[in-house]
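What follows is a single structure, written as structure tokens, with notes after it.
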Amino acid sequence: MNTPTKLTIVANLKMNTTVSEASLLLNRLHKELEGFNGANIVVCPPATHLFALHREVTEFKGTPHMVIGAQNMSEHEEGAYTGEISAEMIADFAKYVLVGHSERRKYFDEKDTVDAQKMSVALRHSLKPILCIGETEQQRNNGHTKQTILDQLNVGLSEITASDLKNITIAYEPVWAIGTGNFAKPAEVETAIELIKSTLQQIFQSDNSQTVPILYGGSVDVDNAKAYLDLPGINGLLVGGASLNYKKFAQIVKLA
Ligand code: PGA
């Protein structure tokens, strides 16, 4: 997984589907994409589904290759944190974990410093964290897009080292584009990718920083996906709403 040449398409199911609905979705998707080997597929279901869906994907034969990711995890290793799920718990079932999704930041007041801890704990348990960053509409309107990206990277990656870079992914997800249908212009995404790459180089001073996969997310759909996938420096997509429709998601994957 995560080779720079093969694109990664991530499905974020958010708080949708029961286990049986998600299982059906996965099976249909697998059938629809039979024989397709052009992309790495990561499906991030709700935490209650991880065990069952991990079992299913390991039993899928042939291509496409699918793995499971988690949508969130605790920044703590273990202990008295009622309701929380640790990296060690999800690592039995998931290969990837989303960190700092804007909905976590918005509705659960998740801070960059907490995401920094999550990045380090995830890596300690051999998970591949996907750090989600991006500016809000207000930050954009105030001309603070660049500073927001710089801050989120500088703080969010403050607890990892250059040797960890081969196991992380960055998803650029402008908050104003998520779930709104108001997707970012490819040129805006290209600028963000360049900024992310130069910031990673500045922070880590390592060639590894240029091989960190960068994804775009925010109202990705069948009609706009190709324009992002054609951008220089992009390594895939993070798809929310459209991933709940297996036909749409399969079509997006096939564009990779
Ligand atoms: P969306 O969600 O595709 O529905 O905009 C993307 C995301 O939240 O990662």
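Whatever order the structure lists them in is the order used to number ligands and atoms, beginning at 1.
At least one heavy atom of Ser219 sits closer than 4.0 Å to an atom of ligand 1. In this structure, Gly217 has no heavy atom closer than 4.0 Å to ligand 1.
Side chains of Thr63 and Glu34: a donor-acceptor N/O pair is absent below 3.5 angstrom, by distance only.
Per-residue contacts place Gly179 under 4.0 angstrom from the following atoms of ligand 1 (heavy atoms of the residue considered): 1 (P), 4 (O), 5 (O). Every atom of ligand 1 is numbered from 1 in the order shown, and the set under 4.0 Å from a heavy atom of His101 is 7 (C), 8 (O), 9 (O). Distances below 4.0 Å separate heavy atoms of Leu238 from the following atoms of ligand 1: 9 (O). Here is the list of ligand 1 atoms found below 4.0 Å of a heavy atom in Gly218: 5 (O).
Around the CD atom of Glu137, the shell of radius 6.0 Å holds no more than 12 heavy atoms that belong to other residues, nucleotides or ligands.
Between Tyr228 and Phe183, the ring planes are perpendicular. Angles over 60° get that label, and only those under 30° would be called parallel. Note: Tyr81 and His76 have parallel aromatic rings, judged against thresholds of 30 and 60 degrees for the angle between ring planes.
Counting heavy atoms from C-beta outward, Thr113 and Val155 have side chains that approach closer than 4.5 Å.
With hydrogens left out, the protein atom closest to atom 3 (O) of ligand 1 is Gly240 N, 2.9 Å, a heavy atom. Among protein heavy atoms, the minimum distance from atom 4 (O) of ligand 1 is reached at Gly241 N, 2.8 Å. Protein heavy atom in closest approach to atom 9 (O) of ligand 1: Glu173 OE2, 2.7 Å. For atom 2 (O) of ligand 1, the nearest protein heavy atom (residue, atom name, distance) is Lys14 NZ, 3.2 Å.
Tested against Ser120, the residues Arg124, Gln117, Lys118 include a single side-chain hydrogen bond (donor to acceptor under 3.5 Å, both in side chains) partner, Arg124.
The CG atom of Leu195 sits 9.0 Å away from atom CD of Gln202, with the distance rounded to the nearest 0.5 Å.
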